[in-house]
Amino acid sequence: MDLDLTLACGQTFRWRTHEGSWIGVLEREVVRLKQVERKLVVEAKPGKADVVALVRGHLRAQDDIMAIQRRLSSDEILSRGMRDLKGLRIVKLGEWEAIASFALATYANIPRIGKMIETLCRSYGSTLSGGFSAFPTQRQLRTASVKDLIDCGLGYRAKYLHELCRLLDDEEISNLKALPYDELRERLIELPGVGEKVADCAALFGFGKLEAFPIDVWMERAMARLYGVKGNYMKLRRFASERFGPYAGYAQEYLYHNERMRARSGGCRFSEQ
DNA sequence: GCCCAGGAGTGTG
DNA sequence: CACACTCATGGG
């Protein structure tokens with residue numbers, strides 16, 4: 001497992017590097033993670049919470065990653081694309097945090113998404129030790145007006161979050177957690193500010209549905225370039241489902257990061273000429 | 001200054 | 001169904 005690869009790349013927006021380790025918040029715990037050789041060192045303030053269990057859950061330690069990678073390696077193209085990404089893991093976020101975060105993630109780049117979310121956490125989330133903040137609950141966000149949320153830098157996304165935190169109480173989230181992927185997806189898409197792509201991100205990163213296959217502009221490029229597949233969301237999703245099966249979500253992460261890395265290194269070479 | 005970003009909603013042909 | 005347009009803004 002590679003922490004840098006896993007935490008720095010757009011499935012989660014709250015982790016920050018500091019002096020060679022990663023600091024973030026899981027539920028209401030401030031956690032520091034550091035990779036030492038093949039071990040993962042977890043630091044947190046002593047307390048009641050089982051922080052190691054939180055970390056294991058967040059990094060999906062229960063996944064049989066070898067079996068998943070073996071299954072996906074049967075695809076020649078993907079096998080090559082994931083060669084340098086073996087340490088990448090899909091993370092498990094809180095359901096509400098995932099829905100809210102990816103509803104804010106539309107038409108914005110990753111640094112900006114992180115900034116929006118950080119501002120929200122500091123403004124409306126519970127204060128934790130060391131000046132960190134928890135992700136705000138729906139109840140906490142209900143105290144914010146649309147203008148308040150605009151002032152957090154959300155732009156046109158403010159009205160969506162304003163509605164979402166009222167629509168999704170804990171009971172509704174609990175109901176959603178009980179649904180299989182297809183039904184969950186349909187229900188999520190009914191929410192304001194949640195289309196196909198945001199629904200798939202929430203399903204994959206928030207509800208742990210590994211068969212979900214979110215498609216953004218990077219994934220469109222990757223699938224056109226590597227597989228020659230173009231078309232609407234439904235067509236691309238069907239292709240992925242048939243090709244990658246129950247682990248399409250992992251395939252998506254490998255393709256997504258591969259495409260972004262390629263764009264970055266390509267840009268460097270170009271500017272050197 | 002310019003381009004684009006882990007899109008969605010709405011209206012039109 | 002397929003497009004076209006708008007939304008609001010900051011990072012690179």
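Fair warning: this is a prediction, and the values are worked out from it, not measured in the lab. A, B, ... follow the sequence lines: proteins, then strands. Residue 1 opens every chain.
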Gln11(A) side-chain N/O to Val91(A) backbone N/O, donor-acceptor pair under 3.5 Å:
yes
With sequence neighbours excluded, what pairs up with Tyr160(A) under the side-chain contact (heavy atoms from CB on, under 4.5 Å) test?
Tyr156(A), Pro192(A)
Distance check, C1' atoms only: dG10(C) and dG9(B), in whole angstrom units.
22 Å
Sub-3.5 Å pairs of nitrogen or oxygen atoms, protein against nucleotides 2-5 of chain C:
from, atom 1, to, atom 2, distance (Å)
dA2(C), OP2, Asn232(A), ND2, 3.4

Quick one: sort the Phe102(A) and Phe205(A) rings into parallel, tilted or perpendicular, breaks at 30° and 60°.
parallel
Base, sugar-phosphate, or nothing for Phe205(A), non-hydrogen atoms under 4.0 angstrom?
base
Measure CD/Glu196(A) against P/dG7(B) and give the value in whole Å, please.
14 Å
Please examine the side chains of Leu120(A) and Leu104(A), heavy atoms only from C-beta on, and report whether any two atoms are closer than 4.5 Å.
yes
Interatomic distance where OH belongs to Tyr156(A) and P belongs to dA8(B) [whole Å]
9 Å
One thing to verify: whether Glu172(A) and Lys177(A) come together as a salt bridge, which I'm taking to mean a side-chain N less than 4.0 angstrom from a carboxylate O.
no
Rounded to the nearest angstrom, tell me the gap between atom CG in Leu154(A) and atom C1' in dA8(B).
15 Å
Can a side chain N or O of Arg221(A) be found less than 4.0 Å away from OP1 or OP2 on dA5(B)?
yes
Spacing of the P atoms in dG7(B) and dG12(C) (rounded, Å):
16 Å
Note: contacts of residues 79-94 of chain A with DNA chain B (heavy atom, under 4.0 Å) are none
Leu161(A) CG to dA8(C) C1': how many Å, rounded?
15 Å
Is a side-chain N or O of Glu97(A) found less than 3.5 angstrom from the main chain of Phe135(A), in a donor-acceptor match?
no
Round to the nearest Å and state the distance from Leu164(A) atom CG to dA8(B) atom P.
12 Å
For Arg14(A) and Glu118(A), run side-chain contact (heavy atoms from CB on, under 4.5 Å): C-alpha distance rounded to whole Å, both residues' side-chain angles, the deciding distance at 0.1 Å, then the answer.
CA-CA 7 Å; Arg14(A) 297 207 60 200; Glu118(A) 240 11 80; 3.2 Å; yes
Which part of the nucleic acid does Glu253(A) contact within heavy-atom distance under 4.0 Å: base, sugar-phosphate only, or nothing?
base
According to salt bridge (charged side-chain N to carboxylate O under 4.0 Å, His left out), does anything in residues 49-77 of chain A pair up with another residue at least two apart or in another chain? List the pairs.
Arg60(A)-Asp63(A), Asp75(A)-Arg243(A)
Could you check whether any side-chain N or O of Arg166(A) sits under 3.5 Å from a backbone N or O of Arg142(A), counting only pairs where one atom can act as donor and the other as acceptor?
yes
Please answer whether the main-chain N or O of Asp148(A) pairs with a side-chain N or O of Asp151(A) as donor and acceptor at a distance below 3.5 Å.
no
Please check this pair: side chain of Thr6(A) against backbone of Arg89(A), looking for a donor-acceptor N/O pair closer than 3.5 Å.
yes
In whole angstrom, give the distance that lies between atom CZ of Phe102(A) and atom P of dA8(B).
12 Å
Does any residue of residues 106-125 of chain A have a heavy atom under 4.0 Å from DNA chain C, and if so, which ones, in number order?
Tyr107(A), Asn109(A), Pro111(A), Arg112(A), Lys115(A)
Calculate the interatomic distance between Leu188(A) atom CG and dA8(B) atom P; express it in whole Å.
12 Å
Against the side chain of Trp218(A), the closest entry in dA8(C), dG7(B), dA5(B) is dA5(B)
Under-4.0 Å salt bridge between Lys230(A) and Glu220(A):
no
Protein and nucleotides 9-13 of chain B: nitrogen or oxygen contacts under 3.5 angstrom:
from, atom 1, to, atom 2, distance (Å)
dG9(B), OP1, Gly193(A), N, 2.8

Mind checking whether Arg237(A) and Asp200(A) have side chains closer than 4.5 Å, heavy atoms only?
yes
What integer distance in Å separates Arg264(A):CZ from dC4(B):C1'?
15 Å
Show the numbers, then the answer: is there a side-chain contact (heavy atoms from CB on, under 4.5 Å) between Asn258(A) and Arg262(A)?
CA-CA 6 Å; Asn258(A) 186 57; Arg262(A) 202 188 74 90; 5.6 Å; no
